[in-house]
Undergrad: 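I'd like to ask you about the structure that follows.
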Amino acid sequence: MPTLPSLDVPVIAAPMAGGPSTPALVAAAGGAGGMGFLAGGYLSAEALAAQIDDLAARSGRPYGVNLFLPGPPDPDPPAREAAVAAYAARLTPEAVRYGVELGAPRADDDAVDEKIAVLARHRPAVVSVTFALPSAARYAALRETGAALVATVTSVDEALAAQEQGFDGLWVQGAEAGGHRGVHHDAGGDAEEGAVPLAELLPIVRATTDLPLVAAGGLMDGADVARVVAAGAVAAGLGTAFLCCPEAGTSATHRAALQADRARETVVTRAFTGRPARALANRFTAAYSADAPPCYPELHHLTRPVRAAASGAGDPEALHLWAGTGHRRATGEPAGELVARLGRNA
């Protein structure tokens with residue numbers, strides 16, 4: 001079976017969909033002895049192939065690609081449609097404020113099968129999946145990529161299910177992680193309910209399985225990396241730490257909020273996409289988190305024009321400012337220097 005690459009520095013630049021993860025960032029992380037992931041989420045199959053070609057021109061180092069997997073169908077489609085419509089009505093003032101129309105709240109599978117076909121041609125070292133485990137047919141297709149397969153898990157039950165299906169490794173995501181929680185089933189309610197801090201989750205998953213583990217969630221410096229490696233992880237996955245690197249594709253508005261407004265706290269919210277995700281608190285999270293239904297990806301598509309307009313206007317108050325709990329320690333150093341520093345201090 002495929003295995004995770006052996007790294008000179010046990011640091012992985014985590015996949016960050018929507019722009020931050022770029023071929024330049026992945027190449028820099030790999031060139032410094034770590035590894036990086038391209039984020040396949042939201043990309044078309046053609047755009048993903050172009051990013052892989054770009055990366056191949058920059059680096060011959062091993063790399064990973066992350067994919068978003070669709071969850072099971074909603075058992076009550078009419079109720080779901082009504083919940084999305086009610087939320088859209090709540091957001092009408094935001095569309096007016098930014099001079100846009102709300103997006104069409106459609107459900108889709110993120111073209112995942114077409115992207116798996118791209119990966120079968122390009123043969124990355126690792127493919128990770130988030131939000132769900134694959135169907136038997138998708139698992140077989142993922143195996144055809146030749147990559148080591150890694151499942152994002154947020155609980156022992158999810159880890160055991162991934163092990164049972166045959167995954168080669170686990171991405172163990174603690175509650176502190178920025179961006180979307182990888183929870184396999186979101187039943188609604190409190191967006192933070194059931195989230196387990198990494199310091200608790202990693203040892204109980206380590207005691208449950210012999211699979212290689214990548215630990216993620218709130219990790220920002222060499223001491224954090226050393227701590228999770230000592231607890232049994234083969235590597236640390238860091239996302240927020242790389243958001244302000246010059247190679248990252250982080251929007252200027254997001255970057256400025258991280259660098260200039262360190263006093264902001266983080267919150268877990270469904271307001272932007274319909275899935276629990278950790279972000280810097282802003283006007284949008286305060287106004288809409290309580291009303292947002294657990295309807296992903298419909299809410300992602302619904303709010304996208306508002307978020308794009310806010311970003312373009314330099315307004316952080318209606319933008320999804322994904323960030324982990326360690327965001328105040330983010331630096332703007334080049335990604336290769338960051339990986340090297342993390343390795344020296346680990």
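By convention here, the first residue in the shown sequence is residue 1. In what follows, every heavy atom counts, from backbone to side chain, and hydrogens, waters and symmetry copies are set aside.
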Undergrad: Looking at every heavy atom in both Arg328 and Ala263, which two are closest together, and how far apart are they?
TA: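 Looks like NH2-O, 3.4 Å.
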Undergrad: Would one find more than 12 heavy atoms of other residues, nucleotides or ligands at under 6.0 Å from atom CG of Asp210?
TA: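 Open.
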Undergrad: Between Leu149 and Val129, is the side chain to side chain contact (heavy atoms under 4.5 Å, CB included) condition met? List the steps.
TA: CA-CA 8 Å; Leu149 301 183; Val129 298; over 6 Å; no
Undergrad: May I ask you to decide whether Arg206 forms a salt bridge with Glu200, counting only side-chain N to carboxylate O separations under 4.0 Å?
TA: no
Undergrad: Would a 4.5 Å heavy-atom cut-off, applied to side chains only, mark Pro5 and Met35 as touching?
TA: yes
Undergrad: Are Leu319 and Tyr98 linked, directly or through intermediate hydrophobic residues, by side-chain heavy-atom contacts shorter than 4.5 Å (ILVMFWY only)?
TA: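 Each belongs to a different hydrophobic cluster.
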Undergrad: Does the distance from a Lys or Arg side-chain N to an Asp or Glu carboxylate O, for Arg283 and Asp315, drop under 4.0 Å?
TA: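 Here Arg283 does not pair with Asp315 in a salt bridge, since their nearest N and O are not under 4.0 Å apart.
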Undergrad: Assess, by modelled atom type and distance only, whether the side chains of His300 and Arg307 contain a donor and an acceptor separated by less than 3.5 Å.
TA: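 Arg307 and His300 do have a side-chain donor-acceptor pair below 3.5 Å.
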Undergrad: Salt-bridge test for Arg80 and Glu298: reply yes if a basic N is under 4.0 Å from a carboxylate O, no otherwise.
TA: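 Result for this pair is yes, salt bridge flagged.
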Undergrad: Calculate, to the nearest 0.5 Å, the distance between atoms CD1 and CZ belonging to Ile116 and Arg121 respectively.
TA: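 Atom-to-atom, Ile116:CD1 and Arg121:CZ are 12.5 Å apart.
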Undergrad: For Asn66 and Thr130, does a side-chain donor sit closer than 3.5 Å to a side-chain acceptor?
TA: yes
Undergrad: So, Gln163 versus Thr209: side-chain donor-acceptor pair below 3.5 Å or not?
TA: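 Gln163 vs Thr209: donor-acceptor pair found between side chains.
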Undergrad: Heavy atoms only: give me the nearest Ala147-Asp168 pair and the separation to one decimal.
TA: O-OD2, 4.1 Å
Undergrad: If I take atom OG1 from residue Thr303 and atom CG from residue Leu102, how far apart are they, to the nearest 0.5 angstrom?
TA: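 CG of Leu102 is found 8.5 Å from OG1 of Thr303.
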Undergrad: Can you tell me how far apart CH2 (Trp322) and OG1 (Thr240) are? Round to the nearest 0.5 Å.
TA: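 Result: 11.5 Å between the selected atoms.
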Undergrad: Do Val153 and Val156 belong together in a cluster built from hydrophobic side chains that touch within less than 4.5 Å?
TA: yes
Undergrad: Could you please spell out the steps behind the salt bridge (charged side-chain N to carboxylate O under 4.0 Å, His left out) verdict for Glu46 and Lys115?
TA: CA-CA 8 Å; Glu46 294 77 15; Lys115 285 183 268 197; over 6 Å; no
Undergrad: Using a strict cut-off of less than 4.0 Å between a Lys/Arg side-chain nitrogen and an Asp/Glu carboxylate oxygen, indicate whether Arg278 and Glu176 qualify as a salt bridge.
TA: no
Undergrad: List the steps and the verdict of salt bridge (charged side-chain N to carboxylate O under 4.0 Å, His left out) for Glu317 and Arg264.
TA: CA-CA 12 Å; Glu317 297 303 326; Arg264 286 187 194 246; 2.7 Å; yes
Undergrad: For atom CD of Gln165, is the number of surrounding heavy atoms from other residues, nucleotides or ligands below 6.0 Å larger than 12?
TA: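 Atom CD in Gln165 is packed in, count exceeds 12.
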Undergrad: Quick one: does Asp109's side chain get under 4.5 Å of Leu69's, heavy atoms only?
TA: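 SC-SC contact between Asp109 and Leu69 ruled out.
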Undergrad: Is there a side-chain contact between Pro134 and Leu142, using heavy atoms and a 4.5 Å cut-off?
TA: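 Touching, per the 4.5 Å side-chain cut-off.
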Undergrad: Testing the basics here: between Gly40 and Leu48, what is the closest heavy-atom pair and its distance to 0.1 Å?
TA: CA-CD1, 4.3 Å
Undergrad: Taking the side chain as every heavy atom from C-beta outward, state whether Val205 and Leu213 have any pair of such atoms under 4.5 Å apart.
TA: yes
Undergrad: Where do Thr22 and Gln51 land on the side chain to side chain contact (heavy atoms under 4.5 Å, CB included) test, with the steps shown first?
TA: CA-CA 8 Å; Thr22 64; Gln51 285 204 3; over 6 Å; no
Undergrad: Could you go through Glu337 and Thr331, starting from their C-alpha distance and side-chain angles, then the distance that decides it, and tell me whether this counts as side chain to side chain contact (heavy atoms under 4.5 Å, CB included)?
TA: CA-CA 11 Å; Glu337 293 180 14; Thr331 68; over 6 Å; no
Undergrad: Counting C-beta onward and ignoring hydrogens, is there a side-chain heavy-atom pair between Leu299 and Val84 closer than 4.5 Å?
TA: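 The answer is yes, as the side chains (C-beta and beyond) meet within the 4.5 Å cut-off.
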Undergrad: Charged N to carboxylate O under 4.0 angstrom, Arg341 versus Asp221?
TA: no
Undergrad: With rounding to the nearest 0.5 angstrom, report the CD to CG distance, Glu164 to Leu133.
TA: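 One gets 11.0 Å once the value is rounded to the nearest 0.5 Å.
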Undergrad: Please determine whether residues Leu302 and Val306 belong to a single hydrophobic cluster, defined as Ile, Leu, Val, Met, Phe, Trp and Tyr linked transitively by side-chain heavy-atom distances below 4.5 Å.
TA: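 Hydrophobic grouping puts Leu302 with Val306.
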Undergrad: I need the single residue from Thr3, Thr145, Leu4 that forms a side chain to side chain contact (heavy atoms under 4.5 Å, CB included) with Val126. Which is it?
TA: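 The side chain to side chain contact (heavy atoms under 4.5 Å, CB included) with Val126 is passed solely by Leu4 among Thr3, Thr145, Leu4.
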Undergrad: Is the closest side-chain heavy-atom distance between Phe37 and Val26 below 4.5 Å?
TA: no
Undergrad: Do Arg275 and Pro294 come within less than 4.5 Å of each other through their side chains, counting heavy atoms only?
TA: no
Undergrad: With a 4.5 Å limit on heavy-atom distance, are the side chains of Pro316 and Asn282 in contact?
TA: no
Undergrad: Test side chain to side chain contact (heavy atoms under 4.5 Å, CB included) on Leu338 and Leu238; report intermediate values, then the result.
TA: CA-CA 11 Å; Leu338 174 58; Leu238 291 78; over 6 Å; no
Undergrad: Nearest 0.5 angstrom please: Tyr63 OH to Ser59 OG, how far?
TA: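 Between atom OH of Tyr63 and atom OG of Ser59 there are 10.0 Å.
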Undergrad: Shortest non-hydrogen contact from Ala248 to Phe242?
TA: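 Result for this residue pair: CB-O, 3.5 Å.
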Undergrad: Would you tell me whether His301 and Asp108 have side-chain atoms, one donor and one acceptor, within less than 3.5 Å of each other?
TA: yes
Undergrad: What I want to find out is whether Asp186 reaches Arg181 closely enough, with some N-O distance under 4.0 Å, to be called a salt bridge.
TA: no
Undergrad: I'd like to know if the side chain of Ser21 reaches the main chain of Ala17, judged simply by a donor and an acceptor atom lying under 3.5 Å from each other, with no hydrogens or angles considered.
TA: no
Undergrad: Taking the six-membered ring for Trp, are Phe68 and Phe131 parallel (under 30°), tilted (30 to 60°) or perpendicular (over 60°)?
TA: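 Correct class here is tilted.
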Undergrad: For the pair His320 and His254, name the ring-plane relationship: parallel under 30°, tilted 30 to 60°, perpendicular over 60°.
TA: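 Aromatic pair His320/His254 classed tilted.
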Undergrad: Establish whether Trp171 and Met16 are linked, either directly or via other cluster members, by ILVMFWY side-chain heavy-atom contacts under 4.5 Å.
TA: no
Undergrad: Would you name the heavy atoms of Ala32 and Gly336 that are closest together and state the gap between them?
TA: CB-O, 3.5 Å
Undergrad: Measure the CG-CG distance between Asp54 and Leu38 for me, rounded to the nearest 0.5 Å.
TA: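 These two atoms lie 9.0 Å from each other.
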Undergrad: Hey, any chance Leu211 and Val150 share a hydrophobic cluster, counting ILVMFWY side chains that come within less than 4.5 Å of each other, even indirectly?
TA: no
Undergrad: Is the shortest side-chain N to carboxylate O distance from Glu247 to Arg58 below 4.0 Å?
TA: no
Undergrad: Below 6.0 angstrom between ring centroids: does that apply to Phe284 and Phe272?
TA: yes
Undergrad: Grab the two heavy atoms, one from Ala235 and one from Val11, that are nearest each other, plus how far apart they are.
TA: CB-N, 4.5 Å
Undergrad: Does this structure show an ion pair linking Asp224 with Arg329, if we count only N-O contacts that are shorter than 4.0 Å?
TA: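 Yes, this pair counts.
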